[in-house]
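Take a look at the structure set out below.
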Amino acid sequence: MHITKLARTICAVLPVLLLAVSVYAADDIEAPIKSVTVYLDRAKITRTAELDLTKGDHNLLIKKLPVDAIESSFRASVAGVEGITLLGMSHQIERHLEDPQEKIADLEKQIKEINQKTKLVLSGQIESFQRQKLFLQTLIMGSSENTAKEVSKGIVDVDQWEKAYDFVGRKVREVNDSILSYSLEMEKIDEKLQLLNDQLNSIRTAGGKSTRTVQVDISIEKEGKVYLSLEYIIQNASWKPIYDARFIDKSNKVNLSYYAEVSQRTGEGWNDVKLTLSTSRPSQGTSPGEFRPWLLGAAAPSAGIFGTLTDIETGEPIVNASVLIVGTKMGSFTNQDGFYSIGSLIPAIYNLKISSVEYETMIVSDIPVQYNAFTEISQQMKRKVAELDRTIKVTGKQDIIDRFETESISNRPVQTVDELLEQVSRVDVT
C-alpha cells in the first residue's frame, strides 16, 4: 500500500520536472541558406528557419557554420507569434576530430574523373578546331594570289569567288568562336580542379575541421510559429563580369551578352538559393558600401581631356603651363611641344583653368567627356603686358619763390652776373 502511494507521487511530480527542463533546453535547428549576396571580395549569407515553439525561453543552436565567417558580422532577427523577445546571441568554435579518409577518397575520385574525362575531351575539341583553323588559313594564303590572277583573266566567275570567300570567312569565325567557348570552359574546369585540390590539401594537413555554432536566445509568451533569420559575412567569395560581343552577319549590329562568374571557397553549398551580385565594397560593420561603375569597351576604358597650348602671335608651344580641372586637384603640365593630357576621368562636364607665368589665365567651360573617349581642347594664349610697357606719369614740384630772398641780391657785393651765379647753391659756372 505504501509502495502504491510512492509510485503515484513520483508519477505526479515527473511531468513537472520534465516541463521545467524542456523550457530551458537548447534546441538544435536547421537553418538552410535562403539567399546570398556576392560582393567583389566577400559574400553575405542569409539563413532562415521556420519553427513551432512552445511558451517559454528557448536556446536555438545553429551548428556547422563556416569557421571563416567574420565574427563581428553576425546579425539575428526573429518574428512571428506575438510576445516574442530576442534575448541575445552568442557563438563559439567547435573542433571535429573525424576520420577524413572517406572525404579524401571522394575528392581524389572527382579530381581523377575531371583529369581523365572532362579535360581530355575539351583538349581534343580545342585541338580539332585549331587544326581546322590552320587548314583554313593555309587554304586562304595558298589560293588568294592564284584566284586574283584568274579573276583578272576572267577564268573564275566573280560571284562564285565572293560566295566561296564568304563561306571561308564564316567558317573561320565559327572555328574561332568554338575555340573561345571551349577555352573558357577549360578555364572553369581548371578553377574547379584548383578548388578540389585546395580542399584535399586542407583535409590532409588539418586532420579534421572546425565549425562555428551560433546560439540565439529568445522568449515567447505563447505557443506559435517563430521565423528566425541569421545573417553573416564570409570571405573567400567573389564574382567578376564576363562580356561577349559578337558581330551579326550581314548587318550593322553587334550582339552584346553579359554574364557573371561566381567563385567561392567558403565550404558551403549555394544550391537553389537566391543569388544577388553587387559592385559595392562593404566593410565588416554596417556602414554602406561604395558603389563603383563598370565601364564597357573593347580595351581598358579611358576617358579624359588633351590638347596643345601655343602663343597666339608666334605660334610657338607654351612649355610648363598648368592645366587644372576646376574644383579638383586633377591636372597636368604642358611638355616641350606644348602638349598636355588629363586621363582617368568619369563621364561628366568639366571646366579647365589654364595658366602660365608669362601668359594671361584662361577658363574653358562646359567641356563634355564621354566613356572611353578623349576630348581635345587646344588653345592659343596671349602674353601678359610687361611692366616696362606701361605709361609712367612724372609730376614735378617747385618751391614758392621767396620775394625777400630775391630782393636781397641787390645788397650782395658782386659786380657781374657770373659772380652772382657762383654764390647760388647747386650752380656750376663754365
For [X] and [Y], which heavy atoms make the closest approach, and how far apart are they?
X: Gly304; Y: Val369; result: N-CG1, 3.9 Å
X: Ser341; Y: Phe374; result: OG-CE2, 3.7 Å
X: Leu324; Y: Lys329; result: CD1-C, 4.1 Å
X: Glu191; Y: Glu261; result: OE2-OE2, 3.4 Å
X: Ala260; Y: Trp239; result: CB-CE3, 3.9 Å
X: Arg212; Y: Val67; result: NH2-O, 3.1 Å

Quick one: do Asp217 and Gln215 satisfy side-chain contact (heavy atoms from CB on, under 4.5 Å)? Show the steps, please.
-> CA-CA 6 Å; Asp217 302 326; Gln215 177 176 315; 2.8 Å; yes

Result of checking Lys133, Lys171, Arg246 against Asp177 for salt bridge (charged side-chain N to carboxylate O under 4.0 Å, His left out) = Arg246

Side chains of [X] and [Y], heavy atoms from C-beta outward: is any pair under 4.5 Å?
X: Ile62; Y: Thr213; value: no
X: Tyr182; Y: Val121; value: no
X: Glu231; Y: Lys44; value: yes
X: Glu82; Y: Glu221; value: no
X: Ile70; Y: Gln235; value: yes
X: Tyr259; Y: Pro241; value: no
X: Ile33; Y: Thr46; value: no
X: Glu316; Y: Thr310; value: no

Would you please name every residue forming a side chain to side chain donor-acceptor pair (under 3.5 Å) with Thr266, sequence neighbours left out?
->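 Side chain to side chain donor-acceptor pair (under 3.5 Å) check on Thr266 returns Gln264.
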
To the nearest 0.5 Å, what is the distance between [atom1] ([X]) and [atom2] ([Y])?
X: Thr118; Y: Leu193; atom1: OG1; atom2: CG; result: 8.5 Å
X: Ile377; Y: Ile342; atom1: CD1; atom2: CD1; result: 10.5 Å
X: Gln92; Y: Lys63; atom1: CD; atom2: NZ; result: 9.0 Å
X: Leu65; Y: Glu94; atom1: CG; atom2: CD; result: 10.0 Å
X: Ile318; Y: Met381; atom1: CD1; atom2: CE; result: 5.0 Å
X: Leu184; Y: Asp244; atom1: CG; atom2: CG; result: 8.0 Å

With side-chain contact (heavy atoms from CB on, under 4.5 Å) as the test, would you mind laying out the steps for Tyr340 and Ile305 before giving the verdict?
-> CA-CA 8 Å; Tyr340 74 91; Ile305 303 172; 3.9 Å; yes

Using the side chain to side chain donor-acceptor pair (under 3.5 Å) rule, take Ser378 and Glu376 through it: C-alpha gap first, then chi angles, then the decisive distance, then the call.
-> CA-CA 6 Å; Ser378 297; Glu376 180 179 2; 3.2 Å; yes

Are [X] and [Y] linked by a side-chain donor-acceptor pair shorter than 3.5 Å?
X: Gln125; Y: Ser123; result: no
X: Tyr232; Y: Arg47; result: yes
X: Glu113; Y: Asn115; result: no

Determine, step by step, whether Ser238 and Arg42 satisfy the side-chain contact (heavy atoms from CB on, under 4.5 Å) criterion, reporting the C-alpha distance in whole Å, the side-chain angles of both residues, the deciding distance to 0.1 Å, and the verdict.
-> CA-CA 6 Å; Ser238 63; Arg42 63 191 67 196; over 6 Å; no

Is it the case that over 12 heavy atoms from other parts of the model lie below 6.0 angstrom from the [atom1] atom of [X]?
X: Glu30; atom1: CD; value: no
X: Asp272; atom1: CG; value: no
X: Lys225; atom1: NZ; value: yes
X: Phe339; atom1: CZ; value: yes

Start with the C-alpha distance between Lys112 and Glu108, add both sets of side-chain angles, then the distance that settles salt bridge (Lys or Arg N to Asp or Glu O under 4.0 Å), and finish with yes or no.
-> CA-CA 6 Å; Lys112 184 177 180 181; Glu108 289 178 342; over 6 Å; no

Please check if the side chain of Ser183 supplies one atom and the backbone of Ile179 the other of a donor-acceptor pair under 3.5 Å.
->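 The answer is yes, because a donor-acceptor pair under 3.5 Å joins these two groups.
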
Take Asp190 and Lys119 through the side-chain contact (heavy atoms from CB on, under 4.5 Å) test and state the conclusion after the steps.
-> CA-CA 9 Å; Asp190 289 337; Lys119 287 198 68 174; 3.1 Å; yes

So among Leu228, Thr85, Leu60, which one has a side chain to side chain contact (heavy atoms under 4.5 Å, CB included) with Ile218?
->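 Checked Leu228, Thr85, Leu60 against Ile218; only one passes side chain to side chain contact (heavy atoms under 4.5 Å, CB included): Leu60.
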
Which pairs with one or both residues in residues 310-337 pass ring pair (Phe, Tyr, Trp, His ring centres under 6.0 Å), sequence neighbours excluded?
->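 Output for this query is empty, none listed.
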
Distance-only donor-acceptor hits, side chain of residues 355-367, under 3.5 Å, sequence neighbours excluded:
unit_1, atom_1, unit_2, atom_2, d
Glu358, OE1, Arg383, NH1, 2.9
Tyr359, OH, Asp311, OD2, 2.7
Tyr359, OH, Arg383, NH2, 3.4

